[in-house]
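Every number for a ligand or one of its atoms is a count from 1 in the order of the listing.
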Amino acid sequence: MDLLIPDKVHDESRQGEALILEPGYKNNGRKLYIESYGCAMNFSDSEIVASILAEKGFETTSDFNNADVVFINTCSIRENAEVRVRNRLKEFAGAKFRNPGMVVGVLGCMAERLKAKFLEEEKLVDVVVGPDAYRSLPDLIEQVDSGQRAVNVLLSREETYADISPVRLNSNGINAFVSIMRGCDNMCSFCVVPFTRGRERSRDAYSVVAECRALFEAGYREVTLLGQNVDSYKWSGELADGSEQSAVGDKVKVVNFANLLEMVALVSPELRVRFSTSHPKDITDEVLHTIARYENICNYIHLPVQSGNSRILEMMNRTYDREWYMNRIDAIRRIIPECAISTDVITGFCTETEEEHNDTVTMMDYVKYDFAYMFKYSERPGTLAAKRYTDDIPEDVKQRRLAQIVAKQQQYSFYRMQARIGKIEKVLIEGFSKKSDKDYCGRSDQNAMVIFPVNENYKPGQYVNVLVERTTSATLIGTIV
Ligand code: 5AD
Ligand code: SF4
C-alpha cells in the first residue's frame with residue numbers, strides 16, 4: 001500500500017468520487033454517472049466531460065444503478081491505481097446485467113494505455129476514450145446505442161479544451177482547479193504520463209484568465225492552476241487574426257509561467273492563486289519573485305524530488321542532480337522565506353542501494369518538507385525504466401525504505417505545524433469542519449488545514465485571521481482574532 005500525507009492535488013479522500021451537477025435546461029432524459037481516480041487533472045477532466053455531455057442534455061446521477069451512461073475516469077500511475085479501477089468495474093457488472101442498455105465507458109490514462117485491449121479484457125466495457133478525445137464522446141455514445149463498441153484514443157498536439165467552460169462538480173463554490181496545460185514532454189523514466197497524456201501543450205493565456213475571472217465573479221476565491229510541469233508553461237500570444245498581442249502591458253510577447261501567474265493574480269487581490277506541479281529543473285527565480293511580489297499568490301510550492309541521490313536521479317532521467325535541487329530549495333528560502341514546500345518521493349527505484357536511499361533521507365532532513373507524497377516504485381509497462389532497467393529491489397526492501405521516509409516525514413510535518421503555534425494565519429473559510437458544524441475549516445496561505453470555532457460574522461468564502469493555539473499532526477487549531 002502507498003502511504004501518503006494528503007493534500008489537495010492527489011486527494012485520497014476524493015478517489016472514486018462521483019460528480020454531480022445542477023440539472024441542465026436541455027434534458028434528454030438520460031443520466032450520466034462519472035467517477036474519477038488519480039490526480040487533480042483527472043478530476044478537472046471529468047468536469048470537461050460532464051460539460052460536453054450536459055450540452056447534449058445529459059443529467060448527472062450519484063447512483064450508477066440509475067445511470068444510462070457510466071464513466072470511470074482512470075489513472076495508470078502505479079499498478080495499484082489500475083487494480084482499483086478493475087475492481088470497481090466488477091461492481092458495475094450487476095447494474096449492467098439488470099440494465100443491458102447501460103453504456104459503460106473507461107476514460108483517462110488507463111484507456112489510453114490499454115486502448116482496444118480493454119474491450120477484449122473487460123467484456124462489460126462499451127467505450128474506451130483517451131484524455132484528448134473527449135469531444136468525440138457524444139458520437140461514441142451514439143455508436144454504442146446503435147450496437148457497436150467504440151474506441152477513440154487519439155492523442156493530440158493541440159487539444160486544450162480551452163473553449164469548454166467546465167461545469168464545476170461537487171463544488172463548494174470557493175476553490176476550483178483550472179487546467180493551464182496538458183501532457184508532458186519530460187520523459188522521467190519511471191513515468192507513464194508522457195504515454196497516456198501525450199505531448200505538452202499550453203492553453204491560451206487569455207482563456208485561462210477569463211476562466212479565473214468568471215470563477216471570481218461567481219464567488220470563487222481560490223484557483224489552483226494545474227499542469228504536469230507548470231514551469232514549462234509557454235504560450236505565444238497569437239490572436240485569431242494572426243496578430244500578436246503582449247500579455248502584460250507591453251512587456252512580453254510570449255507568456256511564460258511567471259507572466260501567467262501575474263495575470264491571474266491581477267484578476268483580484270481577493271482571489272487566491274495556487275499551482276501544481278513545479279519541476280526542479282524549470283522553476284525560475286522569476287517565478288519565485290512573482291510569488292513573493294503578490295500577496296494573493298500562495299506561499300506554497302510542490303516540488304517533487306523523487307530521490308535525493310544524483311545517480312538515481314540520472315537513471316530517472318530527471319535532468320537535475322542533488323546539488324541543483326538543493327540550490328532551488330535555497331532560492332525558495334531566500335526569495336520567499338515563509339514558503340511551504342511539499343514533495344513526491346519514490347523508494348526502491350531500480351538498483352537503489354542503502355546509501356543512495358539514505359541520500360533521500362538526508363534530503364528530507366535538509367528541506368524539512370511540510371508535506372510529502374511517498375511511493376514505492378511500481379514498474380509501468382512501456383516506460384523507459386521498464387525497457388532499460390530491472391525492477392530489482394525486493395518488495396520488502398521497498399516497503400522498509402518507504403516506512404522509514406514516511407516516519408521521517410511525520411516528524412517534519414509535525415515540526416512545521418508546531419512552528420505555526422502563536423502565529424496569525426490568514427485563512428480562507430471553506431465551510432464547516434468535517435467533525436462539527438460548530439467549527440469552520442479553511443486553508444492557510446501555506447496550505448495547512450486550519451480549524452476554528454464558527455463566528456456568525458464570517459461566512460465561507462471570506463478571509464479571517466486565525467491565531468494558532470495548538471496542532472494535530474495535520475491540522476492547525478485556533479481562534480479568529
Ligand atoms: N512508481 C511509483 N511512483 C510513481 N510516480 C510516478 N510514476 C511512478 C511509478 N512508476 C509518482 C511520482 C510522481 C507522482 C505523481 O507519482 O513521485 O511525482
Ligand atoms: Fe493523473 Fe498521471 Fe494518474 Fe494520469 S497517470 S491520472 S496524469 S496521476
**Q** Around atom 4 (Fe) of ligand 2, how many protein N, O or S atoms are there at under 2.8 Å?
**A**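 With waters ignored, the protein N/O/S count below 2.8 Å is 1.
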**Q** Go through Arg401 and Glu354 one step at a time and tell me if the side-chain contact (heavy atoms from CB on, under 4.5 Å) criterion holds.
**A** CA-CA 9 Å; Arg401 291 179 187 169; Glu354 285 303 321; 2.9 Å; yes
**Q** Any N or O of Val345 that comes nearer than 3.5 Å to an N or O of ligand 1?
**A**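 Such a contact does not occur with ligand 1.
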**Q** Looking only at heavy atoms, is any part of Phe375 under 4.0 Å from ligand 1, and if so is it the side chain, the backbone, or both, or is it neither?
**A**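 Contact part for Phe375 vs ligand 1: side chain (C-beta onward).
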**Q** Indicate yes or no: does an N/O atom of Glu379 lie under 3.5 Å from an N/O atom of ligand 1?
**A**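 No, Glu379 has no N/O under 3.5 Å of an N/O on ligand 1.
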**Q** Could you tell me whether ligand 1 has any atom less than 4.0 Å away from a heavy atom of Lys376?
**A**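 For ligand 1, residue contact (heavy atoms, under 4.0 Å) with Lys376 is present.
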**Q** Which ligand 1 atoms are under 4.0 Å away from a heavy-atom of Ile346?
**A**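 Counting atoms of ligand 1 from 1, those under 4.0 Å from Ile346 are 3 (N), 4 (C), 5 (N), 12 (C), 17 (O).
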**Q** Quick one: closest heavy-atom pair of Ser202 and Met181, and the distance?
**A**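 Answer, listing the atom of Ser202 first, then Met181: CA-CB, 3.9 Å.
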**Q** On a heavy-atom basis, which atom in Tyr233 and which in Ile180 lie closest, and how many Å separate them?
**A**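 Taking Tyr233 first and Ile180 second, the nearest heavy atoms are CE1-O, 3.3 Å.
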**Q** Give the atoms of ligand 2, by number and element, whose distance to some non-hydrogen atom of Gln228 is under 4.0 Å.
**A**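 Every atom of ligand 2 under 4.0 Å from some heavy atom of Gln228: 7 (S).
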**Q** Minimum heavy-atom separation for Trp324 and Pro280, please, with both atom names.
**A**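 That would be NE1-O, 2.8 Å.
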**Q** I'd like to know if the side chain of Glu159 pairs up with that of Tyr161 as donor and acceptor (distance under 3.5 Å, no hydrogens or angles considered).
**A**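 Note: Glu159 and Tyr161 side chains miss the donor-acceptor criterion.
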**Q** Give a yes or no on whether Glu314 atom CD has more than 12 heavy-atom contacts from other residues, nucleotides or ligands under 6.0 Å away.
**A**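 Atom CD in Glu314 is not packed in, count stays at 12 or less.
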**Q** By number and element, which atoms of ligand 1 are closer than 4.0 Å to a non-hydrogen atom of Arg380?
**A**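 Taking each heavy atom of Arg380 in turn, ligand 1 has 10 (N) under 4.0 Å.
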**Q** Could I get the full list of side chain to side chain donor-acceptor pair (under 3.5 Å) partners for Arg334, not counting sequence neighbours?
**A**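 Once residues adjacent in sequence are excluded, Arg334 has no partner under the side chain to side chain donor-acceptor pair (under 3.5 Å) criterion.
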**Q** Of all the non-hydrogen atoms in the protein, which one sits nearest to atom 18 (O) of ligand 1, and at what distance?
**A**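 Nearest protein contact, heavy atoms only, for atom 18 (O) of ligand 1 is Asp344 OD2, 2.5 Å.
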**Q** What protein heavy atom sits nearest atom 12 (C) of ligand 1, and how far off is it?
**A**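 I find the closest protein heavy atom is Gln306 OE1, 3.4 Å.
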**Q** Could you list which atoms of ligand 1 come closer than 4.0 Å to a heavy atom of Arg78?
**A**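 Listed by number with element: 1 (N), 2 (C), 3 (N), 4 (C), 5 (N), 11 (C), 16 (O).
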**Q** Quick one: side chain to side chain contact (heavy atoms under 4.5 Å, CB included) partners of Arg113, sequence neighbours excluded?
**A**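 Checked Arg113 against side chain to side chain contact (heavy atoms under 4.5 Å, CB included); matches are Ser76, Glu82, Val192, Thr196, Arg380, Pro381.
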**Q** Applying side chain to side chain donor-acceptor pair (under 3.5 Å), name anything that partners Glu142, two or more places apart in sequence or on another chain.
**A**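 Scan of Glu142 (side chain to side chain donor-acceptor pair (under 3.5 Å), adjacent residues dropped) gives none.
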